[in-house]
Protein chains: 4
Amino acid sequence: MKKREVHASVKDERLIQKRRDQMINGAVKLFIEKGFHRTTTREIARSAGFSIGTLYEYIRTKEDVLYLVCDRIYDQVRERLQKILDTKQQTTLDDLRQAIANYFRVVDGMQDEVLVMYQEVKSLPKDALPYVLRKELEMVDIFKQMLERCVENGEISLSENQIKMHSHNIYVQGQMWAFRRWELRKLFTLDEYIELQMEFLVEGAKGVKENTKECIYCETRNVPAN
Amino acid sequence: MKKREVHASVKDERLIQKRRDQMINGAVKLFIEKGFHRTTTREIARSAGFSIGTLYEYIRTKEDVLYLVCDRIYDQVRERLQKILDTKQQTTLDDLRQAIANYFRVVDGMQDEVLVMYQEVKSLPKDALPYVLRKELEMVDIFKQMLERCVENGEISLSENQIKMHSHNIYVQGQMWAFRRWELRKLFTLDEYIELQMEFLVEGAKGVKENTKECIYCETRNVPAN
Amino acid sequence: MKKREVHASVKDERLIQKRRDQMINGAVKLFIEKGFHRTTTREIARSAGFSIGTLYEYIRTKEDVLYLVCDRIYDQVRERLQKILDTKQQTTLDDLRQAIANYFRVVDGMQDEVLVMYQEVKSLPKDALPYVLRKELEMVDIFKQMLERCVENGEISLSENQIKMHSHNIYVQGQMWAFRRWELRKLFTLDEYIELQMEFLVEGAKGVKENTKECIYCETRNVPAN
Amino acid sequence: MKKREVHASVKDERLIQKRRDQMINGAVKLFIEKGFHRTTTREIARSAGFSIGTLYEYIRTKEDVLYLVCDRIYDQVRERLQKILDTKQQTTLDDLRQAIANYFRVVDGMQDEVLVMYQEVKSLPKDALPYVLRKELEMVDIFKQMLERCVENGEISLSENQIKMHSHNIYVQGQMWAFRRWELRKLFTLDEYIELQMEFLVEGAKGVKENTKECIYCETRNVPAN
DNA sequence: AATGAATGAGTTTTCATTCAT
DNA sequence: CATGAATGAAAACTCATTCAT
C-alpha cells in the first residue's frame, strides 16, 4: 500500500508536493504529445516552469518522472471512480450499470492519459512496475466487488472465476474506448458505445451459464505451436 | 492493399527478402526484451548477423525496422488465422467458437509480438500507421463476417452495430490475453481463459437484446467534466 | 544590416561572445590547415578548449561554425580597413594609394583567413550566403567611394562603370595576393607587389579613356561556343 | 611535363581513356552542383554510367577523380586558348587584345568548371598539386609571352617585373568573371566586362611608368601587425 | 572486366545528469 | 533552494573502399 519513494534532495515536503505537481502536469502534456522517449528532461523542466537543475532536486532519473506521471494518472482515474461509488452502500445491477457508464465517461475524459500509460508502462523503472500494476488491480477490484454483490443479491448468477474474468472485461472495455479510439470513434459516439457495451456487459452476462463442465475447446490443438 | 515500400539500396529482391527476414527476427527479440527506443541499430544489425553498414543497405531509418517488424507480426497472426478459416465455407456458431479458440491460441503463441505492437505502434513513421491499422481492421473484419453469417443463419440475433461492436470485443479480448498476461496468467490457464471468455462472447451474446430503444445512461452526466 | 542569428542554448550573452571567440579561433586554425569538410566538430571543440557538448550549446550545426568564422574574418578585415579610412575626410589620389597599400597589407596579414573564405563560402548554409556577400560588397564599396571622390576632385577621369569595375579590380588584386601566393611569393615581396600593382591600379587608371564608344571586341565571336 | 599517373587495374589503355572520360564528365556535373565533398563515389559511378566496382578499376581513391577532373578542365581551357594563339606568329598589341577577349569568352563558357577548380584544388592529393599549378602557370605564361613581344616591338613599355605582374592580372581578371559572377553579372554584360577590363589592361598599361625608383608605400607600416 | 553486396571506421548530433555558483 | 553551463557517452547514419562472383 505504501507508495514507492522517489528520492528528493529537497527536504520541505510541502515544496516537494508543489514542484512535483508542476512537473507531472508539464510532463503529461509532453508524453501525450510525443511519448516518453521523445520528451527530454529539459522540456519537462521548462514545461513545469523551472530549470533543469531544479527538476533534478526532486527526482533522481528521468524514469522517476514517468513513475510519478503514471502514479498520478491512476490516482485521478481512481479518484473520480471512487467519488461515485462511495455514495452507494450496497450494489444493485442498476448501480453497476451506473458505475460502468460513469467509468466509461471517465476514460473518455482521460483518453490521452490512459493511452500514455498503455504505451509507456514498459519504460517504468523495474521496481516501480508492481506499484503501478497494483493500482490497476485495485480498479479492477472495484468492479469485482460490485459483481459479487450483484451475485449475492441474486440479480445475476456467476461463478467465482466468471466474476474475476468479467471484472477484467469491464475494465478493459473501458480502456478500449481510449486505445482503439482511432477506429471506435468512427463507428460510435460515446453514448452509443456505452449503450452497446452495456448490453454485452450486463444483459449478456445474464445469459452466461455458471458451470460449463465440459469445454470442448480445451482439447482443441489444431493450431501449429508456432 | 499495396504494401508501403521500404527503400533498399540492394537490387536483388531475393536477397532483400532474406536479409529482412534476418533483420526482423533479430529485431523482434530485441524489441520484446527492451523496447524499440532502447534497442540500438547496431544491436539490431548484430542480432541479425551482419554489420551496421549492411543493415542500412536494406532500410533507410531505424523506424523502417519497426514498420517491417509490425508488418511481419500482423502477417503472421493473420496467416495463422486464415489457415483455419479458409477450410470453412459457411459459418455456424460452432465455427465461430472454433475460430475464437484458435485465435486466442494464436495470440498466446505470439504474446511477445502482440505486446510489442501494442507498445510501439506510436513510434511508427507517420505514413506507416494507416497500413498497420488497416491490417488490424482486416482481422477484426474476419470476426465481423463470421458474426454476420451466424446472424443470417438465425443462430443468433444482433443488430448491425452490435455486430461491429462485438467483433471488436472478440478481437480485443484475444489481445487482452497478451497485454494483461501479468495478471491473467495468475488467475487462469489459457484453456480456462478460453472457456470463460467463450461463455461471455458466445453464450452471453445470445442474451443480448437487439434493439435497446432507450438508453438511460446516455443522459447520465454525473461525472464531472474533468 | 542585421546579423544572421545563430541559435545558442546558453542565455548569458557575455558568455556566448566569449565561447564563440574561442570557437572561431580554434576553427580558423583548423579550417586553414585542413579545410572545413576535413575538420570534425570534435576537433573544433577540442581546439576551442571545451567539450563537444559545450560546442553544441553555442551553435546548432557545423555549418554555423563556418558562418561564424566567415563573419568574423570579414569583420576583421573591414575593421582594420575602416580604422585607416576613418581618419580621412576627403580623398585625394594619394589617399587612395595609402588605402590600397594598407588594404594589401591587411590581406597579407590575414592570408590564411582570406584563403579559407575563398574556398569554403560555397559550404555556407544557404541562408547565410547573402549576409556574407553583402559584407564583401561593402568592402568593394569603400574603394568605389574613394574613386568617386578622386574623380570629383578632378585628379582622375573615369566613367561610372569604370569606377565600378575598378573598385572590384582593386579589391580582387588585394585578395589575389592571398589566393595566388603560391606563385606570387616566388616572384615578389609584398612591397614589390604593392609597388607594382599600384602602378597598374593608379597610374594605369589615369591612362584609361573615359568613353570608348566602339568596342571592336564585342562582336568578336571567334571562340567556339563550347 | 609528364602527367601524374593515376593507377588503373585495367590494362587496355583505350578503355581506360574511355571510362575516364565518362567518369570525368559525370563528376564535373556533380562537383559543380554540390562540390567535391558532398559528392559520393557512388554518385560519380552512377552518373558515369557504370558501377561503383568499375569506378575503382580505374582509380585508386576519390581524390584521384578530383585530380582527373581538374586536369581535364585545365586542358580544355588551355586547348581553346591555344587554338586561337597558334595561328599568330608574332604578337601586336591588337593580337593581345584579341587574345584577352577570347580568353574572357572561354572563361565565360566554362564558368562552372573554373569555379569548381577555385574551390576544390585544396582537396587535391598533395602530390597532385604541383601538376595542376604548373598548368595554371603555363596559361599565365601565354600572356607573359605576348606581353614580352609587345614590349619587344615597342608598342608598349614594361619592365620585366611589370610583365610578370601584368600577365597574372590578365589571367586573374579573366577568372574573376567566373568567381565573382554573383556580383559582376548584375553590373555588366560579358561584352561590357570585356570592354571595360580591356581599357584597364591594355590602354591603362600604356600609362604605366617602367621604373618607379622610389616607392613611398613600402615604408608605410601604419597598419597594426594584427 | 564488370558488378554490387558487405564492411566498419568515422561523422554529426543529442541529452541525461552533475555541480559550481 | 535554484540555476543553467558543462560534460561526454551514446546514438543514428554515411560512405569510401574491398572483394567474391
Side-chain angles (χ1 to χ4, degrees), chain A residues 8-12 15-16 19 37-46 50-65, chain B residues 8-12 15-16 18-19 37-46 49-65, chain C residues 8-12 15-16 18-19 37-46 49-63 65, chain D residues 8-12 15-16 19 37-46 49-65:
Chain A
S9 305
V10 169
K11 302 291 164 200
D12 182 343
L15 195 52
I16 291 180
R19 292 280 180 254
H37 281 102
R38 293 199 214 282
T39 301
T40 70
T41 50
R42 285 166 119 108
E43 287 171 322
I44 294 170
R46 192 178 337 125
F50 40 70
S51 73
I52 180 69
T54 301
L55 182 74
Y56 275 87
E57 293 287 312
Y58 296 92
I59 51 152
R60 258 225 246 277
T61 72
K62 191 187 172 191
E63 287 176 339
D64 281 344
V65 181
Chain B
S9 304
V10 168
K11 313 277 180 74
D12 183 342
L15 195 53
I16 292 180
K18 181 182 157 198
R19 292 279 180 259
H37 281 104
R38 290 200 215 284
T39 301
T40 72
T41 51
R42 293 193 116 85
E43 287 172 321
I44 295 171
R46 191 176 338 125
F50 39 67
S51 72
I52 181 67
T54 300
L55 180 74
Y56 276 90
E57 291 285 306
Y58 295 92
I59 51 156
R60 261 223 244 277
T61 70
K62 191 187 171 192
E63 287 177 338
D64 280 344
V65 181
Chain C
S9 304
V10 168
K11 312 275 180 72
D12 183 342
L15 195 53
I16 293 180
K18 180 182 157 197
R19 292 279 179 259
H37 281 104
R38 290 201 216 283
T39 301
T40 70
T41 50
R42 294 194 114 84
E43 287 171 321
I44 295 171
R46 193 177 335 125
F50 38 67
S51 72
I52 181 67
T54 300
L55 181 74
Y56 275 90
E57 291 284 307
Y58 295 93
I59 51 155
R60 261 222 244 276
T61 71
K62 190 186 171 192
E63 285 176 341
V65 182
Chain D
S9 304
V10 170
K11 303 289 166 205
D12 183 342
L15 195 51
I16 291 180
R19 292 280 179 253
H37 281 102
R38 293 200 213 280
T39 301
T40 70
T41 50
R42 285 165 119 109
E43 286 171 321
I44 296 170
R46 192 180 334 128
F50 40 65
S51 74
I52 181 67
T54 302
L55 182 76
Y56 274 87
E57 293 287 313
Y58 295 92
I59 51 153
R60 260 224 245 275
T61 72
K62 191 187 171 191
E63 287 176 339
D64 281 344
V65 182

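The structure displayed is predicted, hence computed values, not measured ones. A, B, ... follow the sequence lines: proteins, then strands. Residue 1 opens every chain.
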Looking only at heavy atoms, what is the nearest atom pair of [X] and [Y], with distance?
| X | Y | answer |
| --- | --- | --- |
| C:T41 | C:Y56 | CG2-OH, 3.3 Å |
| B:V10 | B:I16 | O-CD1, 3.3 Å |
| D:T61 | D:I59 | O-CD1, 3.5 Å |

Length of the [atom1]-[atom2] vector between [X] and [N], whole Å:
| X | N | atom1 | atom2 | answer |
| --- | --- | --- | --- | --- |
| A:R60 | E:dT18 | CZ | C1' | 13 Å |
| D:I16 | E:dA2 | CD1 | P | 10 Å |
| D:I44 | F:dA16 | CD1 | C1' | 10 Å |
| B:R46 | F:dA11 | CZ | P | 11 Å |

Practice problem: Under the side-chain hydrogen bond (donor to acceptor under 3.5 Å, both in side chains) rule, collect the residues that match up with A:T54, sequence neighbours excluded. | Solution: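 So A:T54 forms a side-chain hydrogen bond (donor to acceptor under 3.5 Å, both in side chains) with A:S51.
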Self-check item: Partners meeting side-chain hydrogen bond (donor to acceptor under 3.5 Å, both in side chains) with A:S9 (sequence neighbours left out)
Solution: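 With sequence neighbours excluded, A:S9 shows a side-chain hydrogen bond (donor to acceptor under 3.5 Å, both in side chains) to no residue whatsoever.
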Quiz item: Of all residues at least two apart in sequence or in a different chain, which pass the side-chain contact (heavy atoms from CB on, under 4.5 Å) check with B:T40?
Solution: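 Counting only residues at least two positions away or on another chain, B:T40 forms a side-chain contact (heavy atoms from CB on, under 4.5 Å) with B:R42, B:E43.
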Quiz item: Between A:Y58 and A:F50, how do the two ring planes meet: parallel, tilted or perpendicular, split at 30° and 60°?
Solution: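 Taking A:F50 first and then A:Y58, their aromatic rings sit tilted (interplane angle of 30° to 60°).
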Quiz item: For DNA chain E, what dot-bracket results from Watson-Crick or G-U pairs at under 3.5 Å, with [ ] for crossers and | for inter-strand partners?
Solution: .||||||||||||||||||||
Quiz item: Who pairs with B:R38 by salt bridge (charged side-chain N to carboxylate O under 4.0 Å, His left out), at least two apart in sequence or on another chain?
Solution: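 Testing B:R38 for salt bridge (charged side-chain N to carboxylate O under 4.0 Å, His left out), a comparison that skips the adjacent residues, returns A:E63.
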Practice problem: Sugar-phosphate means primed atoms, P, OP1 and OP2; the rest is base. With that split, encode nucleotides 5-11 of chain E 5' to 3' as B, S or - using protein heavy atoms under 4.0 Å. | Solution: BBBBBBS
Quiz item: Taking only side-chain nitrogens and oxygens of B:Y56, does any of them come within less than 4.0 Å of OP1 or OP2 of F:dC13?
Solution: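 For B:Y56, the contact criterion (side-chain N or O under 4.0 Å from OP1 or OP2 of F:dC13) is met.
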